[in-house]
Chemist: 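Below are the structure tokens for one structure; questions will follow.
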Amino acid sequence: MSLQEFSLEGKTAIVTGALGLIGKELCRALDEAGASVVATDLNDDACRAFAGELSDRALGKGADITDPASLEELRQFALERRGAIDV
């Protein structure tokens with residue numbers, strides 16, 4: 001199956017652990033498939049910098065997924081900027 005057959009055009013994907021080896025590759029694959037990727041990890045500046053390496057659809061946002069308030073802030077960030085969370 002080619003990535004053209006696996007289109008995520010118009011979908012928003014949040015990737016937690018986005019700065020790790022697997023997380024980065026997952027972000028790249030989702031971005032290549034057309035998704036608007038929200039790269040998330042603990043370091044906000046590093047998330048933004050990494051998102052800058054992807055397409056202009058990508059966003060970076062630091063969040064601690066073990067903290068409910070931080071998770072809600074991440075949710076609001078994605079919804080305000082992309083309107084939905086699909087993946």
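Note: hydrogens, waters and symmetry copies are ignored here, and every other heavy atom, side chains too, is used.
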Chemist: By side chain to side chain donor-acceptor pair (under 3.5 Å), which residues pair with Glu53, not counting sequence neighbours?
Modeler: none
Chemist: What distance separates Leu42 CG from Cys47 SG, expressed to the nearest 0.5 Å?
Modeler: 8.0 Å
Chemist: Any side-chain to backbone donor/acceptor pair from Asn43 onto Asp45? Under 3.5 Å, distance only.
Modeler: yes
Chemist: Quick one: which residue pairs count as a salt bridge (Lys or Arg N to Asp or Glu O under 4.0 Å) with a foot in residues 78-87, not counting sequence neighbours?
Modeler: none
Chemist: Taking only residues two or more places apart in sequence or in another chain, which ones pass salt bridge (charged side-chain N to carboxylate O under 4.0 Å, His left out) with Asp44?
Modeler: Arg48
Chemist: Once you round to the nearest 0.5 Å, how far does OG of Ser36 lie from CG of Leu54?
Modeler: 11.0 Å
Chemist: Indicate every side-chain donor-acceptor pair of residues 15-25 with a distance under 3.5 Å to a residue at least two apart or in another chain.
Modeler:
| residue | atom | partner | partner atom | Å |
| --- | --- | --- | --- | --- |
| Glu25 | OE2 | Arg28 | NH1 | 2.8 |

Chemist: Remaining members of Val38's ILVMFWY cluster at a side-chain heavy-atom cut-off under 4.5 Å?
Modeler: Ile14, Leu59, Ile65, Leu71, Leu74, Phe77, Leu79, Ile85
Chemist: Just jot down the salt bridge (charged side-chain N to carboxylate O under 4.0 Å, His left out) partners of Asp31, sequence neighbours excluded, or say none.
Modeler: Arg57
Chemist: Kindly state each residue pair satisfying side chain to side chain donor-acceptor pair (under 3.5 Å) with at least one member in residues 62-71, sequence neighbours excluded.
Modeler: Asp64-Thr66
Chemist: Among all residues two or more places apart in sequence or in another chain, which pass the side chain to side chain contact (heavy atoms under 4.5 Å, CB included) test with Ala13?
Modeler: Leu30, Ala35, Val87
Chemist: Determine the minimum heavy-atom distance between Cys27 and Ala39, stating which atoms define it.
Modeler: SG-CB, 4.1 Å
